[in-house]
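By convention here, the first residue in the shown sequence is residue 1. Computed from a predicted structure; not experimentally measured.
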Amino acid sequence: MRGRREGMNLVEILVAVFILSALFLGLFQGLHSGYQGTERLAEESFAANHAISLLEALTLVPYSKLPAIAAGTSDAQIPALMTGVTEFRPTSAPDPDYVRVVEVKELSQRTRDESDGNNSVWGALKLIRVEVSWQAKYLKPQKTRTMVFQTLVTDDTEVSR
């Protein structure tokens with residue numbers, strides 16, 4: 001009977017290399033998906049903050065001075081529409097990568113005439129809508145992502161029935 005063999009043969013080495021490769025491949029895929037998730041959250045956080053800053057700047061304008069703004073109006077056009085409105089102070093400049101469009105429309109009106117059919121029991125309300133769009137860098141192929149933020153503003157008159 002022959003003596004025992006010492007060491008490993010080629011098949012054992014190849015099996016060990018295959019197992020280690022599979023482990024490292026899984027590890028790197030996990031790291032890559034974590035990186036993509038972080039990049040997605042960074043883009044979405046910036047887009048949300050960019051849109052909300054404009055939304056808040058518009059909500060600080062008194063109801064009577066807030067003009068109607070057509071849907072799809074670029075944020076670059078807003079300062080020209082707000083000339084003479086000293087309360088409007090944008091906190092962020094337009095960003096070519098994160099395009100904001102704005103709409104301000106009157107939803108209901110409160111008049112002094114109780115018999116007026118257009119008189120709203122909810123008071124005077126305006127809807128401010130800000131939409132931000134950007135090219136998502138983490139998606140292959142790159143796709144346009146969009147977030148919409150909106151709020152209602154009122155003239156603060158008391159509503160009674």
Within the structure provided, determine whether [X] and [Y] are in side-chain contact (heavy-atom separation under 4.5 Å).
X      : Y      : answer
Leu58  : Val102 : yes
Arg100 : Ser74  : no
Ser21  : Val17  : yes
Lys143 : Gln135 : no
Leu27  : Leu23  : no
Ile52  : Phe149 : yes
Glu56  : Thr91  : no

Look at the side chain of Lys126 and the backbone N and O of Tyr63, then say whether any donor-acceptor pair between them is shorter than 3.5 Å.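 Between the backbone of Tyr63 and the side chain of Lys126 there is a qualifying donor-acceptor contact (under 3.5 Å).
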Using modelled atom types and a 3.5 Å cut-off, is there a donor and acceptor pairing between side-chain atoms of Glu103 and backbone atoms of Ile69?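 The answer is no, because no donor-acceptor pair under 3.5 Å joins these two groups.
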Test side-chain contact (heavy atoms from CB on, under 4.5 Å) applied to Leu60 and Phe88, step by step: CA-CA 7 Å; Leu60 292 174; Phe88 178 69; over 6 Å; no
Apply ring-ring contact (aromatic ring centres under 6.0 Å, His included) to the pair Phe46 and His50, showing each step before the final yes or no. CA-CA 6 Å; Phe46 183 82; His50 195 53; 5.6 Å; yes
What about Leu66 and Leu125, same hydrophobic cluster or not, with Ile/Leu/Val/Met/Phe/Trp/Tyr joined at side-chain heavy-atom distances under 4.5 Å?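 No, it is not one cluster - the side chains of Leu66 and Leu125 are not joined through contacts under 4.5 Å.
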Among the clusters formed by ILVMFWY side chains lying less than 4.5 Å apart, do Val101 and Trp134 turn up in the same one?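 No; Trp134 is not reachable from Val101 via cluster members.
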Do the side-chain N and O atoms of Arg40 and Ser45 include a donor-acceptor pair separated by under 3.5 angstrom?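 Their side chains do not contain a donor-acceptor pair, so the 3.5 Å distance test is not met.
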Quick one: do the Thr144 and Ser133 side chains pair a donor with an acceptor below 3.5 Å?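 Result is no, nothing qualifies.
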Can you measure from OH (Tyr35) to CG (Leu31) and round to the nearest 0.5 angstrom?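 Separation between the atoms: 12.5 Å.
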Identified side chain to side chain contact (heavy atoms under 4.5 Å, CB included) partner of Ile128 from the options Val61, Leu54, Leu152, Val104: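 With Ile128 as partner, side chain to side chain contact (heavy atoms under 4.5 Å, CB included) holds for just one option, Val104.
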Full working for side-chain contact (heavy atoms from CB on, under 4.5 Å) between Val15 and Ile19: CA-CA 6 Å; Val15 168; Ile19 291 171; 3.9 Å; yes
Looking at every heavy atom in both Ser92 and Ser53, which two are closest together, and how far apart are they?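 Smallest interatomic distance, heavy atoms only, reads OG-OG, 2.8 Å.
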Lys/Arg N to Asp/Glu carboxylate O, Glu43 vs Arg145, below 4.0 Å: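 Salt bridge: no.
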Going through the checks in order, is the side-chain contact (heavy atoms from CB on, under 4.5 Å) test met by Ile78 and Thr73? CA-CA 8 Å; Ile78 301 297; Thr73 302; 4.2 Å; yes
Just do the side-chain contact (heavy atoms from CB on, under 4.5 Å) check on Glu131 and Met147 with the steps written out, would you? CA-CA 6 Å; Glu131 181 178 311; Met147 294 176 121; over 6 Å; no
